[in-house]
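Everything on this sheet refers to the single structure shown next.
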Amino acid sequence: MAVNTGRNADWDGLMSSTLENIRGSFADNIWNGRPLHRWLFEKGRRRMVSGGTEIVEPLVYADGNTAWYGEDTIISVKKTDGHSAAAFPWAGLYGSVFITGREKLMNSGKEQAINLLEARVTQAEETMKSTLSTAAFADTPASADTMLGLGYLINNAAGDATAVAAGHGHVGGIDTSVGTNNFWQSTVVDGSAYTTGEHVRKGIRTARNTASDAGNDRCDAAFTDLSTFEAVEDSFVQQVRYEDVNSANAGFENVEVSKMPLFWDFDCTAGTVFGINSKYLQIVGHQDRFMEHSGFTTNPVDGTYTTGSSVGGVRDAQYDIITSLLQMTTRNRRRHFRINGLTV
């Protein structure tokens, strides 16, 4: 039997109109709420796809057919050996806006109702920001349904648990063991000897140059923890301090190191710097399920029931569920770098 939540018609209309108003800004508020995701989106590194059991990324690396030839040399034309693509699994993310019937009754005035709705939407935004940020730097995904992080994508020993237990890792379905598939190895540096901000700055410069393979295809941003960031920032005290102005205006403090901005994030692994080349790193989403709102339920929520009982129940409440199928992927691990073990 339905529960009378009071003024349902007014509330249902208000919920629908409020949801319609926030649909466009909701996703932007989430993805622009942390420096890494904002940087990727600012660089146009968000791609929507229509489906597939996996996300397939064509690889970008120099390992094709090339050689010097003479006047009568036969030029070899053949399929390139090795891997041509990496395959990444989908990750599923959800958030919810939940309002009980009692809350509806206690906030029956229009202004009170709007305030409550806005507060719950903001709560959902902040929670999803935090969840995405935690996953974005992790070495190992929390589950098979969790978005991959920089620690996984930029780490020569990263991979699924079974592969790691066997002594090697697989990223995107490609073996990342040291000495195997070198084109798929990131630049990973032991930073335990870097004990000052100045040391870290020099280490970032060297790692960035190394990841470029002496070319001009270089990392364009780096991310670290707060302590490391402040140590680097302090090393600029007696010098001119530069920053990425657009990011600073968006509220993200940064300092320019080796001609690229260095950001900090509470969720970044302590004592670590990740350098990314946004040309080869992106957020991929399903075009039909990317921050998609279900709309508020018009009936009370189905409730829990006692184990072993065939009798269900209802809750006096309504909800909106926000769901996404997505993943963070890379096409060229070699163009990113990672510095570990910093002790500044």
Side-chain angles (χ1 to χ4, degrees), residues 11 14-42 46 48 89-104 106-107 112-152 223 225-226 247 250-253 263-270 283-286 288-297 300-304 315-328:
W11 258 95
L14 189 58
M15 284 178 162
S16 296
S17 62
T18 301
L19 181 58
E20 191 61 33
N21 289 336
I22 61 96
R23 280 182 190 273
S25 61
F26 188 88
D28 289 341
N29 290 343
I30 291 174
W31 290 101
N32 289 324
R34 294 293 187 272
L36 171 60
H37 295 140
R38 179 192 170 277
W39 186 262
L40 291 176
F41 277 34
E42 184 182 63
R46 178 174 67 179
M48 296 291 111
W90 286 103
L93 174 72
Y94 78 90
S96 64
V97 179
F98 191 93
I99 296 176
T100 69
R102 179 175 294 186
E103 288 172 328
K104 290 169 66 175
M106 294 172 63
N107 295 273
Q112 290 175 291
I114 291 175
N115 285 339
L116 176 61
L117 285 167
E118 289 180 344
R120 291 300 161 81
V121 168
T122 299
Q123 182 183 43
E125 288 178 352
E126 292 303 315
T127 303
M128 294 181 79
K129 282 181 193 176
S130 178
T131 300
L132 282 165
S133 184
T134 299
F137 292 97
D139 281 358
T140 304
S143 74
D145 299 315
T146 305
M147 185 182 76
L148 304 176
L150 294 185
Y152 182 98
F223 303 84
D225 62 286
L226 180 58
S247 297
F252 297 107
E253 293 185 4
F263 299 94
W264 65 272
D265 193 302
F266 279 130
D267 291 307
C268 186
T269 308
I283 300 295
V284 180
H286 194 292
D288 296 323
R289 188 57 63 85
F290 191 76
M291 295 297 160
E292 188 70 21
H293 293 262
S294 67
F296 281 100
T297 56
V301 182
D302 289 340
T304 58
R315 284 196 185 92
D316 180 12
Q318 290 177 269
Y319 62 88
D320 168 43
I321 296 179
I322 308 100
T323 54
S324 290
L325 284 180
L326 52 85
Q327 191 54 274
M328 184 158 65

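Computed from heavy atoms alone, side chains included, the values below leave out hydrogens, waters and symmetry copies. Remember, predicted model here, so these are calculated numbers, not experimental data.
- At least one side-chain heavy atom of Thr323 sits under 4.5 Å from a side-chain heavy atom of Ile321.
- Annotation: side chain of Ile283 is in contact with side chain of His37 (closest heavy-atom distance under 4.5 Å).
- From Leu150, atom CG reaches atom SG of Cys268 across 7.5 Å, with rounding to the nearest 0.5 Å.
- Remark: Glu253 CD to Leu226 CG distance equals 9.0 Å, nearest 0.5 Å.
- Closest non-hydrogen pair, Gln327 versus Thr146, comes out as NE2-O, 4.2 Å.
- Looking only at side-chain heavy atoms (C-beta outward), Gln318 and Ile99 stay at 4.5 Å or farther from each other.
- Considering only heavy atoms from C-beta on, Leu117 comes within 4.5 Å of Phe296 through its side chain.
- Once rounded to the nearest 0.5 Å, the distance linking CZ of Phe290 with CE of Met48 reads 4.0 Å.
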- Item | Step-by-step salt bridge (Lys or Arg N to Asp or Glu O under 4.0 Å) determination, Lys129 to Glu125 | CA-CA 6 Å; Lys129 282 181 193 176; Glu125 288 178 352; 5.2 Å; no

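- Contact annotation: the side chain of Val121 approaches that of Phe26 to within less than 4.5 Å [non-hydrogen atoms, C-beta and beyond].
- Contact of the Phe252 side chain with the Trp39 side chain is not registered, since no non-hydrogen atoms from C-beta on lie closer than 4.5 Å.
- No side-chain donor-acceptor contact under 3.5 Å links Ser130 and Ser133.
- Contact detail for Met128 and Leu93: the closest heavy-atom pair is CE-CD2, 3.8 Å.
- The closest side-chain donor-acceptor pair between Thr269 and Asp139, if any, does not fall under 3.5 angstrom.
- Summarising the geometry, atom OG belonging to Ser324 is positioned 7.5 Å from atom CD1 belonging to Ile30; distances are rounded to the nearest 0.5 Å.
- Contact between Leu132 and Trp31 at its shortest, heavy atoms only, is CD2-CH2, 3.7 Å.
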